[in-house]
There are 2 protein chains.
Amino acid sequence: MSSDGNSVNIENSKRPYHHGDLRAALLKAGLDLLETQSAEGLSLREVARQVGVSPTAVYRHFPNKQSLLYALCKHGADGLYEAQAAAMKAAGGGPAGFAATGQAYVRYALANPALFRLLMTTKPPAEMLNPDETYVYAAMDLLRRNVAALLSPDASPDIRKAAVTLAWSQVHGMAMLMLDGQLPADEKLISAIGRGAPF
Amino acid sequence: MSSDGNSVNIENSKRPYHHGDLRAALLKAGLDLLETQSAEGLSLREVARQVGVSPTAVYRHFPNKQSLLYALCKHGADGLYEAQAAAMKAAGGGPAGFAATGQAYVRYALANPALFRLLMTTKPPAEMLNPDETYVYAAMDLLRRNVAALLSPDASPDIRKAAVTLAWSQVHGMAMLMLDGQLPADEKLISAIGRGAPF
DNA sequence: AGGACATGTTTTCACTGTAAACATTTTTCC
DNA sequence: GGAAAAATGTTTACAGTGAAAACATGTCCT
C-alpha cells in the first residue's frame with residue numbers, strides 16, 4: 001500500500017518537486033489576487049509566491065507575464081458571457097432580455113472590477129486580430145443577435161453596425177466610468193439601461 | 001557686464017545647477033512621452049532623463065509618481081474641455097452643438113490616446129472626492145448644461161441625471177472601446193453619435 | 001556678509017520581469 | 001528494467017523601477 005504513483009499528490013506532507021497542475025494553480029492565484037488588487041499591481045512574483053513556487057517557475061507555463069494576463073482575460077470573458085446569457089434567459093428574451101444583458105454587463109464589471117478592466121483594456125494579442133477570435137467575441141455575438149432581433153428586418157448593415165456599436169458603447173462606458181470612480185455605482189443608473197433613453 | 005542674475009537661464013552653455021522651471025519641464029516631458037507611450041510604461045526616471053536631470057530631482061516638485069500623473073491628468077482634462085467647447089461653438093449650439101461635443105469627446109480621445117486613458121482611468125485623489133473638483137468637472141458641466149437645454153423643462157432631476165449619465169456613458173464607451181482596439185476607430189461610427197440612435 | 005531655504009545629486013534599498021544555468025522528476029524507447 | 005530525452009522545477013544574476021536619506025549647491029532675505 002501507499003506506493004501509488006498517481007498524477008496529482010495532495011495528501012503527502014512532503015511537497016513533491018512537481019506541482020501536479022501548476023498552470024491551473026497559477027491562474028487561480030491570479031484570479032484570487034485580482035479580487036483584492038488591480039491588475040497593474042499584480043506581479044508575477046506575487047502569483048508565484050501565492051502558489052508557493054519559485055518566481056521563475058511561471059515561465060515553464062507562460063512565456064511571459066502578458067501571456068498569463070491573456071489567460072486571465074480569457075477566463076473573464078467567459079464569465080462575462082455566461083453572466084449575460086444567464087440574464088437574458090432569466091428575462092425571457094425579447095426587448096426585456098436585451099436590456100437585461102446590458103445591465104448584466106455593467107453588474108459583472110462592478111462585481112469583478114480588476115478582471116473586467118484587465119479584460120477590456122488589454123489589447124488582443126497580434127495573433128488574434130481576427131475579430132471573431134477576440135476573447136469578447138461570444139459576448140459581442142450575443143449582443144449582435146439581440147440588436148438584429150430588435151431592429152426592423154430591412155435595416156441596412158450600416159444601421160445595424162451603428163446600433164450594435166452604440167449599444168455596446170453605452171453599457172461599456174457606464175461600466176468603465178463607474179469602475180473609475182467618475183460615476184457613482186448606482187443601481188438606479190444601471191436599471192436605466194435599455195429603457196428607451198432620450199438619446 | 002554679463003553679471004545679471006535673472007531667473008531663467010537658457011543661453012549659457014554651462015547648464016546651471018538650478019534648472020529654472022523644472023516642474024514645467026517635467027510636465028512637458030511627461031506629455032511628450034505620452035505621445036508615443038502608454039501611461040503604464042511611463043517611468044519617473046525616463047521623464048527625468050528626458051529633461052536631463054537626476055531621477056530623484058522629480059521629488060522636489062512632486063511628492064511621488066502619482067502626483068506627477070495627476071498633474072498630467074489635469075492638463076488632459078483642460079484640453080478635453082477646450083476641444084469640446086470649441087466644437088460646440090463651431091456647431092452653433094443647440095442639438096447640433098450637443099452632438100458635436102460628444103463627437104469631440106471621442107476624437108480627443110483618439111488624438112490623445114495615452115493621455116485620455118490616463119485621465120479617465122485615474123481615480124481622482126482622495127482630497128478631491130467632491131464631485132465638483134474632479135478634473136473632468138468642466139467637461140461634465142458642459143454636458144450637463146447641454147442635456148438640460150435639450151430636455152423638456154419639467155423633466156425630473158432623476159430623469160436629468162439618467163440622461164446625463166447615459167449620454168456620457170455612450171461617448172465614453174465608444175472612446176474606450178476604440179482606444180482598446182475592441183472597436184475600429186471608424187469616423188462613420190463617431191458621426192453616429194447624437195443623431196437619434198435607436199436606443 | 002551670512003544664514004535660511006529651495007532645489008539638485010549621489011547613494012542606497014526593496015521590488016519587478018526575465019534570461020541562463022542547474023536540479024529533479026517523469027516519460028519514452030530499446 | 002534501464003538509459004536517454006523531455007518536462008518541470010530552482011538558483012543565480014541582471015537591468016530597470018519608485019522611493020528614502022544624506023549630501024551639495026545655488027538663491028534669497030535680512
Side-chain angles (χ1 to χ4, degrees), chain A residues 3-30 33-34 37-72 114 118 122 125, chain B residues 2-30 33-34 37-72 118 122 125:
Chain A
S3 72
D4 74 76
N6 273 346
S7 52
V8 186
N9 192 333
I10 298 192
E11 294 264 335
N12 282 355
S13 59
K14 234 187 180 345
R15 186 168 60 86
Y17 189 90
H18 283 82
H19 179 282
D21 194 358
L22 182 52
R23 189 191 152 92
L26 290 171
L27 287 177
K28 168 137 179 28
L33 287 171
L34 284 186
Q37 299 185 14
S38 83
E40 300 130 48
L42 188 82
S43 80
L44 268 192
R45 297 174 106 99
E46 192 178 9
V47 173
R49 228 175 288 139
Q50 182 102 348
V51 176
V53 96
S54 81
T56 54
V58 182
Y59 288 87
R60 294 297 160 186
H61 300 270
F62 302 93
N64 50 36
K65 185 182 182 183
Q66 260 310 319
S67 167
L68 206 217
L69 294 183
Y70 282 147
L72 294 177
L118 174 66
T122 297
Chain B
S2 83
S3 71
D4 74 76
N6 272 348
S7 52
V8 187
N9 193 333
I10 298 191
E11 294 267 334
N12 282 354
S13 60
K14 232 184 186 332
R15 186 168 60 85
Y17 189 89
H18 283 82
H19 179 281
D21 194 358
L22 183 50
R23 189 191 152 92
L26 291 170
L27 287 177
K28 168 137 179 29
L33 287 171
L34 284 186
Q37 299 185 14
S38 82
E40 299 129 50
L42 189 81
S43 79
L44 270 191
R45 297 170 107 101
E46 193 177 8
V47 173
R49 227 175 289 137
Q50 183 102 351
V51 176
V53 96
S54 82
T56 52
V58 182
Y59 289 89
R60 295 295 160 189
H61 299 271
F62 302 93
N64 49 37
K65 186 182 183 183
Q66 261 310 319
S67 168
L68 206 215
L69 295 183
Y70 283 146
L72 294 177
L118 173 67
T122 297

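Hydrogens, waters and symmetry mates are skipped; everything else that's a heavy atom, side chains included, is used. Proteins get letters first, then strands, A, B, ... in listed order; numbering begins at 1 in each.
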*Give a yes/no on whether any side-chain N or O of A:H61 is located under 4.0 angstrom from OP1 or OP2 of D:dA7.*
no
*For the pair made of CD in A:E40 and C1' in C:dG17, what is the distance, rounded to whole Å?*
16 Å
_Heavy-atom check, side chain of B:L68 versus side chain of B:L27, under 4.5 Å_ = yes
*Between B:D21 (CG) and C:dA6 (P), how many Å, whole number?*
16 Å
*Contact summary for B:T122 and B:L118, nearest pair of heavy atoms*: OG1-O, 2.6 Å
*Would you mind reading off the distance between A:N64 atom CG and C:dT16 atom C1', rounded to a whole angstrom?*
14 Å
*To the nearest angstrom, how far is B:Q66 atom CD from D:dA19 atom C1'?*
14 Å
*So which nucleotide from C:dG17, D:dG9, C:dG8 ends up closest to the side chain of A:Y59?*
C:dG17
*Take atom NZ of B:K65 as the centre, draw a 6.0 Å sphere, and report whether it contains more than 12 heavy atoms from other residues, nucleotides or ligands.*
yes
*Just how far, in rounded Å, is C1' of C:dT16 from CZ of A:R45?*
6 Å
*Specify the residue among B:R23 and A:R49 whose closest nucleotide of DNA chain C lies further upstream toward the 5′ end.*
B:R23
_B:A29 to B:Q50 - nearest heavy-atom pair and separation_ = CB-CG, 3.8 Å
_Integer-rounded Å distance: C:dT16 C1' and B:K65 NZ_ = 12 Å
*Between C1' of D:dG18 and CG of B:L26, the distance in whole Å*: 15 Å
*Taking CG from B:L44 and P from D:dG16, how many angstroms apart are they, rounded to a whole number?*
16 Å
*Nearest nucleotide by nearest heavy atom, which residue falls closer to the 5' end of DNA chain C, A:S43 or A:R60?*
A:S43
_For C:dT11, does the base pair up with any side-chain atom of B:T56 as donor and acceptor (N or O, under 3.5 Å, distance only)?_
no
